[in-house]
Amino acid sequence: WSSVLLLVTMVVAFLAVRAAGGEPWFGLTVASFIGWQPMVGLSMTRVNNDVLAILLGTVCCWLLALVATGGPTVRRVAWLGVVIGLSISNKYFGIVFLPLAWMAIWMNRDSVPAGERWSRIGLVTLLAAVIGAAWFIRTNLGSIDWNPARDVSQGLSHAVTSIPHVLAL
C-alpha cells in the first residue's frame, strides 16, 4: 500500500511542478528526488502515516501552485482546505500549509476582488480547521490523562537525568 502512495506522490509532485510553470524535466527530477529519499524507503517498510503525510503535503503543494498561478476559484480553495485538513488530521504539522494557502489566495489581486479573497481565505481556514480538528480531539481532548504541566516536567526530568549517560558515550 505504501508503494502505491509513493507512486501517487511522485505523479502529484510532477503535476505540482508543471502547475507552477516548471519544465517537464524538472518535474521528473523532483519526482525522482521524492522517490529516492531514504526516509521514504524506510517508511514504506513499516505501517505508519509518514507516506500519507508526504502524499498529502505534495497534494497541498500542487493545489497551492494551481491557486497561485490559475486563480483561487471556489473549487480549488475548497479542495485545498479539505487536503490541508486531512494533512493536519494525519500529522499536526500539516498546519504549516494554512498560511501558505492564505498567501496563495491573496496573491491574486488582479483577478479576484478583496472581498472575495477574504471569503476564500475564510473557506480554506474553516474547512482545514473542521477536518483537522480530528487530530486535536483524538490526541489531546480524548485523552483522560492529559496533563501538559506534568508531561513537560517529566520530559525535562528525563532529559536532565540522561545527560551523564550521553556524555559517557
Side-chain angles (χ1 to χ4, degrees), residues 1-2 4-22 26-27 30-31 33-34 37 39-40 43-44 46-152 155:
W1 176 247
S2 294
V4 172
L5 291 179
L6 176 62
L7 178 63
V8 173
T9 300
M10 294 169 65
V11 171
V12 172
F14 175 80
L15 294 173
V17 170
R18 295 295 292 150
F26 188 65
V30 169
F33 278 140
I34 289 174
Q37 291 294 316
M39 187 199 95
V40 174
S43 295
M44 287 179 17
R46 294 184 172 88
V47 176
N48 60 31
N49 60 350
D50 290 335
V51 176
L52 182 59
I54 294 168
L55 173 61
L56 290 170
T58 306
V59 173
C60 282
C61 291
W62 176 48
L63 291 169
L64 285 167
L66 289 175
V67 168
T69 59
T73 64
V74 174
R75 179 180 287 173
R76 286 180 184 152
V77 169
W79 275 111
L80 183 58
V82 168
V83 174
I84 291 172
L86 290 172
S87 181
I88 293 169
S89 67
N90 183 45
K91 288 202 178 237
Y92 71 92
F93 61 77
I95 202 163
V96 301
F97 290 107
L98 198 52
L100 295 174
W102 299 336
M103 288 187 287
I105 292 167
W106 198 256
M107 286 173 34
N108 290 280
R109 295 179 189 197
D110 298 333
S111 62
V112 181
E116 288 183 32
R117 282 182 288 170
W118 281 114
S119 67
R120 291 174 190 176
I121 286 172
L123 175 64
V124 75
T125 305
L126 177 69
L127 288 171
V130 168
I131 296 170
W135 187 88
F136 293 101
I137 292 170
R138 181 182 73 230
T139 56
N140 295 338
L141 301 178
S143 175
I144 297 170
D145 194 31
W146 185 61
N147 182 343
R150 183 201 62 224
D151 295 344
V152 169

Might you point out which heavy atoms bring [X] and [Y] nearest each other, and give the distance in Å?
| X | Y | answer |
| --- | --- | --- |
| Ile84 | Gly94 | CG2-O, 4.1 Å |
| Ala128 | Ile88 | O-CD1, 4.2 Å |
| Ile131 | Gly85 | CG2-C, 3.4 Å |
| Ala13 | Ala31 | CB-CA, 4.4 Å |

Query - Spacing of CG belonging to Leu80 relative to OG1 belonging to Thr73, to within rounding of 0.5 Å - result: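 One gets 10.5 Å once the value is rounded to the nearest 0.5 Å.
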Report task. Rounded to the nearest 0.5 Å, what's the gap from CG on Leu126 to OG on Ser119? Could you check? Result ->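 Reported to 0.5 Å precision, the distance equals 12.0 Å.
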For [range], pull every pair meeting salt bridge (charged side-chain N to carboxylate O under 4.0 Å, His left out), keeping only residues two or more places apart or in separate chains.
| range | value |
| --- | --- |
| residues 89-98 | Asp50-Lys91 |
| residues 57-68 | none |
| residues 55-71 | none |
| residues 75-85 | none |

Let me have the donor-acceptor pairs involving side chains of residues 56-71, under 3.5 Å, with sequence neighbours excluded, atom names and distances please.
{"from": "Thr58", "atom 1": "OG1", "to": "Ile54", "atom 2": "O", "distance (Å)": "2.7"}
{"from": "Thr69", "atom 1": "OG1", "to": "Ala19", "atom 2": "O", "distance (Å)": "3.1"}
{"from": "Thr69", "atom 1": "OG1", "to": "Ala65", "atom 2": "O", "distance (Å)": "2.6"}

Requested in this report: For Val74, check side-chain contact (heavy atoms from CB on, under 4.5 Å) against everything at least two apart and list the hits.
Outcome: Arg120, Leu123
**Report entry** Summary of ring-ring contact (aromatic ring centres under 6.0 Å, His included) pairs that have at least one residue in residues 97-117, sequence neighbours excluded
**Finding:** Trp106-Trp118
